[in-house]
There are 2 protein chains.
Amino acid sequence: MASRTTSKARQVVAGARPETRQAENFRQIRREHAHEIAEDYVEAIADLSATLGEARVVDLARRLGVTHVTVNRTLARLREAGHVNTKPYRAIFLTESGRKLAEECKRRHQTVVAFLRSLDISEKVAEKDAEGIEHHVSQETLAAFVRHLAAAAAGIRSSR
Amino acid sequence: MASRTTSKARQVVAGARPETRQAENFRQIRREHAHEIAEDYVEAIADLSATLGEARVVDLARRLGVTHVTVNRTLARLREAGHVNTKPYRAIFLTESGRKLAEECKRRHQTVVAFLRSLDISEKVAEKDAEGIEHHVSQETLAAFVRHLAAAAAGIRSSR
DNA sequence: TTCATCTTGTAGCCATAGCTACATATTTTC
DNA sequence: GAAAATATGTAGCTATGGCTACAAGATGAA
Ligand SMILES: [Mn+2]
Ligand SMILES: [Mn+2]
Ligand SMILES: [Mn+2]
Ligand SMILES: [Mn+2]
């Protein structure tokens with residue numbers, strides 16, 4: 001029978017804390033995933049409202065690459081979360097909290113895209129990667145991106 | 001009744017392609033999410049095997065911050081995907097494809113962490129953000145990170 | 001060797017997030 | 001104003017990915 005290291009021996013060798021911290025990291029990322037859809041939806045609703053005057057279910061479905069059924073069900077949850085107001089067969093409107101969230105997400109999205117662009121990443125890839133990365137960027141990392149952008153801008157100014 | 005812009009009018013105004021491209025971005029990110037768990041698992045299994053000599057269900061559960069039930073079910077899927085070999089009540093082993101995937105993920109993970117560290121982000125935050133960001137970094141972006149790291153290293157060399 | 005503890009497995013619950021198929025409402029067109 | 005087209009809503013399916021509660025195997029100590 002394969003001999004195996006016991007729990008106790010392992011704890012003595014490695015210590016318990018690092019494992020706990022890593023577990024906490026994974027938990028936090030799962031929480032971020034839960035928020036991710038809400039963030040992309042409110043951002044899309046704000047954008048469609050600004051561009052087309054109003055956001056409709058079909059528009060969201062096209063934009064997000066899902067069917068109108070999925071949009072409907074997600075909107076129901078966003079309504080319960082207090083981010084949107086919907087009435088049957090009517091356009092979708094953001095609540096105050098939805099607007100605020102959309103505002104934040106848009107700024108963060110733009111920052112991430114600009115940061116990637118500053119590393120000479122092509123526009124298409126920057127847009128695509130940002131769409132996923134944005135949801136996992138902490139305040140500290142976002143601030144570092146902004147610093148980097150400011151430094152790059154200063155570099156260009158001084159070298160022209 | 002609220003008048004609304006027609007689909008046709010909208011297409012004329014905005015063009016259909018940008019929406020389609022954005023939808024494709026979102027689809028790709030959903031695909032990445034589907035791979036994400038497999039990536040974190042094989043990376044954890046490789047790491048535990050190297051550190052403790054073998055990877056057990058309880059170890060994975062502790063590491064990933066989930067219950068052993070969740071680990072069991074995910075392992076069943078990883079087995080079907082051909083990434084691990086498991087036998088009841090035995091340690092978990094990576095297949096050749098699992099080992100290869102783990103290798104790639106580990107390198108990418110380390111690159112992302114090193115890149116964030118090079119922006120003066122604290123080690124804890126870098127580790128945490130990398131755990132989420134890593135799954136959404138394209139080849140092009142990863143290459144840009146490596147370039148940036150090389151440039152930073154060269155800068156240090158020339159200024160000492 | 002037996003007993004307690006630890007580990008693994010399984011049954012079955014929930015929520016999320018996708019889908020097709022179909023029904024109904026609204027809008028546009030003729 | 002009726003018909004056609006479009007948009008929205010709903011029923012009900014799948015898979016993922018969490019969980020608790022309980023059952024059973026494996027290991028270590030007495
Ligand atoms: Mn996004
Ligand atoms: Mn976004
Ligand atoms: Mn990860
Ligand atoms: Mn990782």
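By convention in this document, chain letters (A, B, ...) are assigned in the order of the sequence lines, proteins followed by strands, and residues within each chain are numbered from 1. Computed from a predicted model, the values in this text were never measured in an experiment.
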Q | Heavy-atom pair with the smallest gap, counting every atom of B:Leu75 and B:Val84 | A | O-CG2, 3.9 Å

Q | Non-hydrogen atoms of B:Ala61 and B:Thr67 that approach each other most closely | A |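 Taking B:Ala61 first and B:Thr67 second, the nearest heavy atoms are CB-C, 3.9 Å.
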
Q: Ignoring backbone atoms, establish whether B:Thr70 has a side-chain N or O less than 4.0 Å from OP1 or OP2 of D:dC19.
A: yes

**Q.** Within residues 71-82 of chain B, residues whose heavy atoms come under 4.0 Å of DNA chain D
**A.** B:Arg73, B:Arg77

Under a 4.0 Å threshold between the charged nitrogen and the carboxylate oxygen, would [Y] count as salt-bridged to [X]?
{"X": "B:Glu96", "Y": "B:Arg99", "result": "yes"}
{"X": "A:Arg21", "Y": "A:Glu24", "result": "no"}
{"X": "A:Lys124", "Y": "A:Glu127", "result": "no"}

Under 3.5 Å, which donor-acceptor pairs do the side chains of residues 39-49 of chain B form with other protein atoms, sequence neighbours left out?
residue : atom : partner  : partner atom : Å
B:Glu39 : OE1  : B:Arg108 : NH2          : 2.8
B:Glu39 : OE1  : B:His135 : ND1          : 2.6
B:Asp40 : OD1  : B:His135 : NE2          : 3.1
B:Asp40 : OD2  : B:His135 : NE2          : 3.4
B:Tyr41 : OH   : B:Thr74  : OG1          : 3.4
B:Asp47 : OD2  : B:Arg63  : NH1          : 2.9
B:Asp47 : OD2  : B:Arg63  : NH2          : 3.2
B:Ser49 : OG   : B:Ile45  : O            : 2.8

Q | Nucleic acid contacts - residues 27-36 of chain B versus DNA chain C, non-hydrogen atoms under 4.0 Å | A |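 The stretch gives B:Arg30 as the residues lying under 4.0 Å from the strand, ordered by number.
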
For the pair made of [atom1] in [X] and [atom2] in [N], what is the distance, rounded to whole Å?
{"X": "A:Lys87", "N": "D:dG9", "atom1": "NZ", "atom2": "P", "answer": "13 Å"}
{"X": "A:Leu60", "N": "C:dA17", "atom1": "CG", "atom2": "C1'", "answer": "16 Å"}
{"X": "A:Leu52", "N": "D:dA7", "atom1": "CG", "atom2": "C1'", "answer": "15 Å"}
{"X": "B:Asp59", "N": "C:dC6", "atom1": "CG", "atom2": "P", "answer": "14 Å"}
{"X": "B:Arg90", "N": "D:dA26", "atom1": "CZ", "atom2": "P", "answer": "8 Å"}

(Q) Nearest to the A:Ile37 side chain among D:dG18, C:dT7, C:dG18, which nucleotide is it? (A) C:dG18

Q. Aromatic rings B:His136 and A:His33: how do their planes relate, parallel, tilted or perpendicular, breaks at 30° and 60°?
A.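 Plane angle over 60°, so perpendicular.
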
Q: Mind telling me whether B:His148 and A:His148 have parallel, tilted or perpendicular rings, with 30° and 60° as the class edges?
A: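 Correct class here is tilted.
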
Q: Could you please spell out the steps behind the side chain to side chain contact (heavy atoms under 4.5 Å, CB included) verdict for B:Glu36 and A:Ile29?
A: CA-CA 11 Å; B:Glu36 178 158 349; A:Ile29 285 158; 3.8 Å; yes

Q) Does B:Leu78 share a hydrophobic cluster with A:Phe26, counting links as ILVMFWY side-chain heavy atoms below 4.5 Å and allowing steps through other members? A) yes

Q.
Applying a strict under-4.5 Å side-chain criterion to I, L, V, M, F, W and Y, I'd like to know whether B:Val125 and B:Leu119 cluster together.
A. yes

Q) Does any pair with a residue in residues 131-145 of chain A pass salt bridge (Lys or Arg N to Asp or Glu O under 4.0 Å), and if so which ones, sequence neighbours excluded? A) none

Q) Just checking, any donor-acceptor pair under 3.5 angstrom between side chains of B:Gln28 and B:Arg31? A)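 The answer is yes; a qualifying pair exists.
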
Just the table, please: protein N/O against nucleotides 2-4 of chain D N/O, every pair under 3.5 Å.
none

What does the list of N/O pairs under 3.5 Å between the protein and nucleotides 21-25 of chain D look like, with a distance for each?
residue : atom : partner : partner atom : Å
D:dG25  : O4'  : B:Tyr89 : OH           : 3.0

(Q) Pick the closest DNA chain D nucleotide for A:Ala55 and for B:Thr67 by heavy atoms, then say which residue is nearer the 5' end. (A) A:Ala55

